[in-house]
Chemist: 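Here it is, the structure in full.
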Number of protein chains: 2
Amino acid sequence: MLSKIEAMCLKKGIRFTGSRKIIAQIIIESNDHPDVDVVLQRANKINPKIGIATVYRTLKLFADNDIIAKHDFAGEEKSRYEDVNDDEHHDHLIDIKTGKVVEFYNEEIEHLKEKIAKDLGYNLVDHRLELYASPIKKDD
Amino acid sequence: MLSKIEAMCLKKGIRFTGSRKIIAQIIIESNDHPDVDVVLQRANKINPKIGIATVYRTLKLFADNDIIAKHDFAGEEKSRYEDVNDDEHHDHLIDIKTGKVVEFYNEEIEHLKEKIAKDLGYNLVDHRLELYASPIKKDD
DNA sequence: TTAACTGCAAAGACTTTGCCAAGTA
DNA sequence: TACTTGGCAAAGTCTTTGCAGTTAA
């Protein structure tokens with residue numbers, strides 16, 4: 001079965017090479033929003049010859065084609081990546097203690113975003129909502 | 001009369017030098033969220049001897065002390081800065097055509113942000129909400 | 001086969017830092 | 001005067017790119 005990423009490469013006439021297959025698979029299987037170095041690490045477990053430039057190039061290629069999403073969270077130097085499903089949008093809560101990312105979706109906020117833009121005389125094209133938070137401690 | 005930034009510096013024992021005074025004034029008077037180069041340009045109109053390193057150092061100093069806010073908007077390479085008033089929070093709508101920044105505040109969203117974090121088991125520490133939008137064209 | 005891809009190292013863009021002269025309290 | 005600042009240029013990060021060998025269709 002064709003992965004979504006492979007299908008899109010085929011469609012756009014982009015070669016689905018060994019490196020790309022590996023990197024695509026890593027993104028699909030990772031749910032921790034890895035950065036370039038982490039992706040490289042995971043890729044090198046499968047093929048140690050893959051270099052950092054290829055990872056950068058491949059992630060950019062996928063991101064430019066909206067197959068994956070690139071995030072630049074506040075306070076972090078490197079970008080992080082995640083798989084995207086066209087039909088499902090979500091925002092992020094970042095645990096400032098650990099860097100862990102929790103995804104969430106809130107219908108009300110989505111509507112409000114649209115409304116606010118409209119009220120200001122704009123058509124909403126994109127948005128970014130990130131919550132930076134620390135876990136509530138429980139002494140149970 | 002002491003500017004808010006000068007007062008902050010005094011309070012924190014940070015020297016309020018000529019360069020810092022100029023840069024502080026520029027941030028206070030600018031409402032277009034200028035980046036480092038723009039701040040340098042404006043500073044150099046007053047004192048051509050101020051260098052880019054000083055602007056970077058000063059903006060970082062102010063930002064680290066929460067006297068000004070630093071923003072990294074999506075799709076822009078350089079950071080942009082703005083004055084902050086402790087008691088007044090706002091989010092940003094970025095005009096993707098011109099880079100113009102419109103500030104807005106929405107009570108409902110503020111509450112939702114808090115609630116979402118709580119529901120996920122976190123205490124909200126900070127957040128980032130940015131709307132990227134294009135102006136609604138009117139043929140009037 | 002042949003145009004596209006990859007690895008390596010070098011180059012870029014933004015930001016920070018070391019050094020020493022200069023300014024502030 | 002003592003200690004912090006600031007200008008300049010060099011160094012640091014993350015990311016992109018040129019080149020030549022390699023590979024997928």
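What you see below is based on every heavy atom in this structure, not just the backbone, and it leaves out hydrogens, waters and symmetry mates.
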Chemist: B/Arg20 has an atom CZ; how far is it from atom P of D/dT4, in whole Å?
Modeler: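 The distance from CZ of B/Arg20 to P of D/dT4 comes to 11 Å, rounded to the nearest Å.
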
Chemist: According to ring-ring contact (aromatic ring centres under 6.0 Å, His included), does anything in residues 31-55 of chain B pair up with another residue at least two apart or in another chain? List the pairs.
Modeler: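 Matches after skipping sequence neighbours: B/His33-B/His92.
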
Chemist: Taking only Lys NZ, Arg NE, NH1 and NH2, and the carboxylate oxygens of Asp or Glu, determine whether B/Asp91 and B/Lys113 approach each other closer than 4.0 Å.
Modeler: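 Between B/Lys113 and B/Asp91 there is a salt bridge, with a charged N closer than 4.0 Å to a carboxylate O.
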
Chemist: Rounded to the Å, how far apart are A/Glu6 CD and D/dA24 P?
Modeler: 13 Å

Chemist: Picking from B/Asp37, B/Asp32, B/Asp35, what satisfies salt bridge (Lys or Arg N to Asp or Glu O under 4.0 Å) with B/Arg42?
Modeler: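 Of the listed options, the one satisfying the test is B/Asp32.
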
Chemist: Can you tell me how far C1' of D/dT13 sits from CD of B/Glu77, to the nearest Å?
Modeler: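 Spelled out: CD on B/Glu77 to C1' on D/dT13 is 16 Å.
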
Chemist: Which hydrophobic side chains are connected to A/Met8, either touching it within the sub-4.5 Å cutoff or through other members that do?
Modeler: A/Ile5, A/Ile14, A/Phe16, A/Ile22, A/Ile23, A/Ile26, A/Ile27, A/Ile28, A/Val36, A/Val39, A/Leu40, A/Ile46, A/Ile50, A/Ile52, A/Val55, A/Tyr56, A/Leu59, A/Leu61, A/Phe62, A/Ile67, A/Ile68, A/Tyr81

Chemist: Using whole Å, report how far CD1 of B/Ile22 lies from P of D/dG6.
Modeler: 10 Å

Chemist: Is it the case that the side chain of A/Lys4 and the backbone of A/Val84 share a donor-acceptor pair, with hydrogens and angles ignored and the cut-off at 3.5 Å?
Modeler: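 Yes: the side chain of A/Lys4 pairs with the backbone of A/Val84.
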
Chemist: Using five pairs at each end of the helix from C/dT1-D/dA25 to C/dA25-D/dT1 to define an axis, what is the angle between those two axes, to 10°?
Modeler: 40°

Chemist: Rounded to the Å, how far apart are A/Phe62 CZ and C/dC5 C1'?
Modeler: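 So the CZ-C1' distance, A/Phe62 to C/dC5, works out to 12 Å.
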
Chemist: Determine whether a donor-acceptor pair (N or O, by modelled atom type, separation under 3.5 Å) exists between the side chain of B/Arg128 and the backbone of A/Arg128.
Modeler: no

Chemist: OP1 or OP2 of C/dT15 less than 4.0 angstrom from a side-chain nitrogen or oxygen of B/Ser79, does that happen here?
Modeler: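 For C/dT15, OP1/OP2 do have a side-chain N/O of B/Ser79 under 4.0 Å.
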
Chemist: What residues in residues 34-60 of chain A put a non-hydrogen atom under 4.0 Å from any atom of DNA chain C?
Modeler: A/Lys49, A/Ile50, A/Gly51, A/Ala53, A/Thr54, A/Arg57

Chemist: Would you mind reading off the distance between A/Ile14 atom CD1 and C/dT6 atom P, rounded to a whole angstrom?
Modeler: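 Rounding to the nearest Å, CD1 of A/Ile14 and P of C/dT6 are 11 Å apart.
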
Chemist: Scan nucleotides 23-25 of chain C against the protein and return all N/O pairs shorter than 3.5 Å with their distances rounded to 0.1 Å.
Modeler:
| unit_1 | atom_1 | unit_2 | atom_2 | d |
| --- | --- | --- | --- | --- |
| C/dG23 | N2 | B/Arg15 | NH1 | 3.2 |

Chemist: Can you see which heavy atom on A/Ser134 is nearest to which on A/Lys97, and at what distance?
Modeler: CB-NZ, 3.7 Å

Chemist: Provide, to the nearest angstrom, the distance between the CG atom belonging to A/Leu10 and the P atom belonging to D/dA25.
Modeler: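 In whole Å, D/dA25 P and A/Leu10 CG are 8 Å from each other.
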
Chemist: Just the rounded figure in Å: distance from P of D/dT15 to NZ of A/Lys78.
Modeler: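 To the nearest whole Å, that distance equals 8 Å.
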
Chemist: How would you list, by chain and number, every residue that makes a salt bridge (Lys or Arg N to Asp or Glu O under 4.0 Å) with A/Lys60, sequence neighbours excluded?
Modeler: A/Asp64

